[in-house]
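The block underneath contains the structure these notes are about, expressed in structure tokens.
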Amino acid sequence: MKKLAILFSLLIFYSVTELIAQEKVLQGKVTTFDSIPLIKASIQIKSSKQIVYTDTMGLFTVLCQPKDKMKVSAKGFSRKKVKIEEKVKYIFVNLKLKSGRENREIAVGYGHVKNKNLLYSISSLNERNLDFSRYSNIYEIIRGRFPGVEIRDGEIIIRGTSTFLGSDAALLVVDGVIVTQHVFSSLSPADIANINILKDSSASAYGSRGANGVVIVETRSGDGNN
């Protein structure tokens with residue numbers, strides 16, 4: 001009986017040791033609007049139930065299984081479940097801010113965004129507020145719905161200051177990727193989930209490229225993970 005107990009203990013020990021040996025270090029970053037770091041966002045690993053939080057740059061490090069799942073959440077933002085692939089060692093997660101001014105207040109109040117002006121200088125429009133499929137193109141959706149934004153010769157103008165390139169056009173981003181005007185204009189309104197206009201301090205996260213503001217579009221097929 002004693003030998004069976006020892007054998008059982010050794011079996012458990014080697015099983016746990018093997019499980020730990022299989023773990024990998026996963027690093028990542030959590031943002032909102034593709035560029036604003038989220039502070040104190042919660043990352044929970046499914047296999048171990050371990051919870052870690054992002055730092056002031058939105059960065060985190062956690063142990064997980066080669067193939068695993070994690071849940072990312074922050075107050076005021078939509079929760080996101082992410083599948084971790086075996087070869088992935090760094091992951092990018094973009095959380096969507098819930099609609100309504102109260103959620104901006106919650107996000108700032110919980111300290112998820114360092115500078116509240118980053119959120120308050122963002123204008124948003126989503127498919128829950130407006131049936132995008134009723135429009136023939138994305139410019140029709142944008143026109144007249146964002147203060148200080150106009151469509152000029154196929155370009156979206158958010159503010160009048162020119163960049164060093166001499167253009168007033170806003171930077172165009174679709175599902176986290178910077179795109180050309182041609183790609184942007186070819187988007188089908190029925191495929192669009194959210195449109196966000198970044199200006200002033202919120203656009204500064206894109207550096208000189210966002211000097212004239214940024215138009216961020218999320219499609220139904222885009223998952224926000226790069």
Side-chain angles (χ1 to χ4, degrees), residues 26-38 41 54 57-60 70 72 74 77-85 87-97 99 113 118-119 121-127 130 132-133 135-143 145-146 149 151-159 163-165 167-226:
L26 179 72
Q27 295 180 312
K29 184 172 185 177
V30 181
T31 63
T32 187
F33 297 103
D34 292 328
S35 62
I36 301 174
L38 281 189
T54 56
M57 298 297 291
L59 303 173
F60 69 89
M70 68 182 189
V72 185
F77 298 86
S78 296
R79 184 179 300 174
K80 196 163 196 176
K81 294 181 179 179
V82 181
K83 185 181 292 186
I84 303 169
E85 300 296 340
K87 295 182 180 180
V88 171
K89 294 183 179 179
Y90 190 92
I91 197 162
F92 175 84
V93 182
N94 189 63
L95 293 188
K96 296 178 183 178
L97 179 69
S99 59
V113 179
L118 293 177
L119 289 186
S121 58
I122 296 171
S123 300
S124 302
L125 191 65
N126 61 60
E127 59 183 344
L130 186 67
F132 295 154
S133 64
Y135 298 86
S136 60
N137 59 65
I138 191 170
Y139 297 111
E140 283 190 3
I141 300 173
I142 294 173
R143 186 176 283 110
R145 289 188 172 82
F146 294 94
V149 177
I151 311 298
R152 189 190 305 161
D153 297 326
E155 293 183 333
I156 299 175
I157 310 299
I158 297 178
R159 53 187 181 187
T163 65
F164 61 88
L165 296 176
S167 172
D168 294 332
L171 184 70
L172 307 174
V173 179
V174 177
D175 292 332
V177 179
I178 297 174
V179 300
T180 63
Q181 183 182 334
H182 174 72
V183 172
F184 187 84
S185 62
S186 66
L187 290 172
S188 170
D191 293 334
I192 297 171
N194 297 280
I195 301 174
N196 302 289
I197 304 289
L198 281 63
K199 52 188 175 181
D200 303 323
S201 55
S202 61
S204 64
Y206 284 87
S208 60
R209 294 178 300 175
N212 292 324
V214 185
V215 181
I216 296 179
V217 174
E218 295 174 345
T219 67
R220 292 173 180 271
S221 59
D223 61 10
N225 296 323
N226 296 312

key: Least distance between heavy atoms, Ile158 atom then Ala170 atom   = CD1-CB, 3.7 Å

query = Can you find a pair of side-chain heavy atoms, one from Ile178 and one from Arg209, that are under 4.5 Å apart?
reply = yes

task = Mind running side-chain contact (heavy atoms from CB on, under 4.5 Å) on Lys29 and Ile91 for me, showing each step along the way?
result = CA-CA 7 Å; Lys29 184 172 185 177; Ile91 197 162; over 6 Å; no

note = On a heavy-atom basis, the closest approach of Leu38 and Ala74 is CD1-CB, 4.4 Å

query = With a 4.5 Å limit on heavy-atom distance, are the side chains of Val93 and Met70 in contact?
reply = yes

Pairwise distance CG(Leu26) to CZ(Phe60) - rounded to 0.5 angstrom = 5.5 Å

inquiry  = How long is the straight-line distance from OH of Tyr206 back to CG of Leu198, given to the nearest 0.5 Å?
reply    = 6.5 Å

key: For Glu85, side chain to side chain donor-acceptor pair (under 3.5 Å) partners two or more places apart   = none

key: side-chain contact (heavy atoms from CB on, under 4.5 Å) assessment of Ile151 paired with Ile157   = CA-CA 6 Å; Ile151 311 298; Ile157 310 299; over 6 Å; no

message = Strictly distance-based, threshold 3.5 Å: is any side-chain N or O of Thr54 a donor or acceptor partner for the main-chain N or O of Val30?
response = no

ask   = Roughly how far, to the nearest 0.5 Å, is the CZ atom of Arg145 from the OG atom of Ser123?
value = 13.5 Å

request  = Kindly determine whether Tyr135 and Leu130 satisfy side-chain contact (heavy atoms from CB on, under 4.5 Å), including the steps that lead there.
outcome  = CA-CA 10 Å; Tyr135 298 86; Leu130 186 67; 3.8 Å; yes

Ser136: side chain to side chain donor-acceptor pair (under 3.5 Å) partners, not counting sequence neighbours = Glu140

query = Where the side chain of Arg79 meets the backbone of Leu95, is there a donor-acceptor pair that is under 3.5 Å apart?
reply = no

note = Taking every heavy atom of Phe132 against every heavy atom of Ala193, the minimum-distance pair comes out as CE1-O, 3.7 Å

request  = To the nearest 0.5 angstrom, please state how far the CZ atom of Phe33 sits from the CG atom of Asn196.
outcome  = 4.5 Å

ask   = What residues form a side chain to side chain donor-acceptor pair (under 3.5 Å) with Arg143, not counting sequence neighbours?
value = none

Contact check, side chains of Val215 and Leu171, non-hydrogen atoms, under 4.5 Å = no

key: Minimum side-chain heavy-atom gap Val177-Val174 below 4.5 Å   = no

query = Are a donor atom and an acceptor atom from the side chains of Asp191 and Thr219 found within less than 3.5 Å of each other?
reply = no

query = Do Val217 and Asn194 have side chains that get closer than 4.5 Å, going by heavy atoms?
reply = no

key: Where Ile141 and Pro189 come nearest, the two heavy atoms and their spacing   = CD1-CB, 3.9 Å

key: Spacing of OG belonging to Ser185 relative to CD1 belonging to Ile138, to within rounding of 0.5 Å   = 9.0 Å

task = Please name the pair of heavy atoms, one in Gln181 and one in Gly154, separated by the smallest distance, quoted to 0.1 Å.
result = NE2-O, 2.9 Å

request  = Output yes when a side-chain donor or acceptor of Asn137 lies under 3.5 Å from a complementary backbone atom of Tyr139, and no otherwise.
outcome  = yes

query = Hey, mind stepping through Ile197 and Ile122 against side-chain contact (heavy atoms from CB on, under 4.5 Å) and telling me if it holds?
reply = CA-CA 6 Å; Ile197 304 289; Ile122 296 171; over 6 Å; no

inquiry  = Quick check on side-chain contact (heavy atoms from CB on, under 4.5 Å): which of Ile195, Val173, Ile192, Asn94 does Glu218 satisfy it with?
reply    = Asn94

